[in-house]
Each structure stands twice: as structure tokens, then as C-alpha cells.
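Lettering of chains follows the sequences in order, A, B, ..., and the numbering in each one begins at 1.
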Amino acid sequence: GNSVTQMEGPVTLSEEAFLTINCTYTATGYPSLFWYVQYPGEGLQLLLKATKADDKGSNKGFEATYRKETTSFHLEKGSVQVSDSAVYFCALSPYNAGGTSYGKLTFGQGTILTVHP
Amino acid sequence: NAGVTQTPKFQVLKTGQSMTLQCAQDMNHEYMSWYRQDPGMGLRLIHYSVGAGITDQGEVPNGYNVSRSTTEDFPLRLLSAAPSQTSVYFCASSYHGTGRDEQYFGPGTRLTVT
């Protein structure tokens, strides 16, 4: 079956530090990969996505590259801010042989990020 | 557009009670899903629907029912609440098709079963 594994948290950083959150996946075929962010008390928002191997998703200074050879989609940001404090989820959306997805996401367990001034 | 809306925001139930969590979207999305979020476990899929009249089970369907009579609405029914169903519930919707499949989430319903 499909699965997503994220690095264990929580992660605590000082402002302007470099961030990496590791994500690896297991899936058949060629899934789409996503990073979602959840701010305190809110629902999930899409942060970035990649739909095929070697694609790089980017948004708000965050980046992640779809690495098929290592089945990874690590999230990075060069300089974090206090406002980046949130829970980050890696997720995949599988596709069948006909290229159809079914709106079914498989999530990692989430990584809590806290950024101090 | 209101996006994905969920009601209620908070609910407390006693064991054995039933209730319906409401979910609606105004983006004409084909796919709708229900997830539950528990600490340290990420989000897990309960049920999903690929269109009106079509539903299927996800990873953790026991104790929940769904129906989809319209494109817009996808209610989740708890038949007989149990403490193990204490969780935060999220509804999501998305388009069909490669490259358009990011899901849009509602704000969530926090359910406590005593």
C-alpha cells in the first residue's frame, strides 16, 4: 500500500535558520506529492506540490523536489520566520494506470515546527 | 467563493449518541473526502466520493456513514458515538484530473465523545 514517512518532530529553530523536513514515500506508479501546512486552530492549506519526477515545487520561500530515485520529497527553506511556526504534512495522491486520481491523500504524521525570535 | 465549509466547529457527544457533520463546497469539485486527525498520526481517510451518488471507504470507515446526493454536499454520520471517535474531522474537495488534484480543506470540526 501507499505510505508517507516524515522526520519526527518537533523541530525548534531560531529565526533565519535553515529548515529541512525529510519526507519519504512508498507508492505504486507515479503519485503526485504535496506539502500542506496547518497553522494553529486552522485547517490545512496547500503549501506546494509536484506531479512528476524531478519537478520542484516552491511557494513562500519553501521548496521541495520530487526525487523518484530516492522516493523523497524533502521540504526546505533557507531562512525561517516566526510566522512559519505550524505543523507541516507531507502527502501523496496515487494515480491508477489510466492516470486518474481519486481524491485520496495519504499523509505523513506531521512535523511541528516552532521558530523563536 | 466560500470554499469548503463545515458545521459545527465544536461538538460534544455522549457515548451512543448519533450526529451528522456537515460539509459543503461551492467550487463544483467532483471529489470530496472526510479525514480524521489524531495526534502523531497525521490525517487518515474515512470515506470519499468521486461524484454524486458514488461513495467508497477509506482507511478507517468503521462507525461512519456517508452519502452524496448532490455535488455540493457530503455529510458524515456517526451512528453510535464512541470515545475512540474523539478527533478533529476535516472535509476536503478537489477537481478530477492530473495536475488539478490538490485538495482544499475545510476548517474542521472538533468532536469530543464522553
Members of residues 55-63 of chain B whose heavy atoms come closer than 4.5 Å to chain A: none

Residue pair B:Gln37 / A:Phe89: nearest heavy atoms and the distance that separates them: NE2-CZ, 3.2 Å

More than 12 heavy atoms of other groups within 6.0 Å of B:Arg110 CZ: no

Spacing of CG belonging to A:Leu46 relative to CZ belonging to B:Phe105, to within rounding of 0.5 Å: 9.5 Å

Residues of residues 34-45 of chain A within contact distance of chain B, non-hydrogen under 4.5 Å: A:Phe34, A:Tyr36, A:Gln38, A:Glu42, A:Gly43, A:Leu44

Pairs flagged by disulfide (SG to SG under 2.5 Å) wherever residues 24-88 of chain B is involved - sequence neighbours left out: none

ILVMFWY cluster, B:Ile54 and B:Leu45 together (side-chain gap under 4.5 Å): yes

From A:Leu105 atom CG to B:Gln103 atom CD, the distance as rounded to the nearest 0.5 Å: 4.0 Å

Residues, nucleotides or ligands: over 12 heavy atoms within 6.0 Å of A:Gln81 CD: yes

Inter-chain contacts: residues 108-117 of chain A against chain B, heavy atoms under 4.5 Å: A:Gly108, A:Gln109

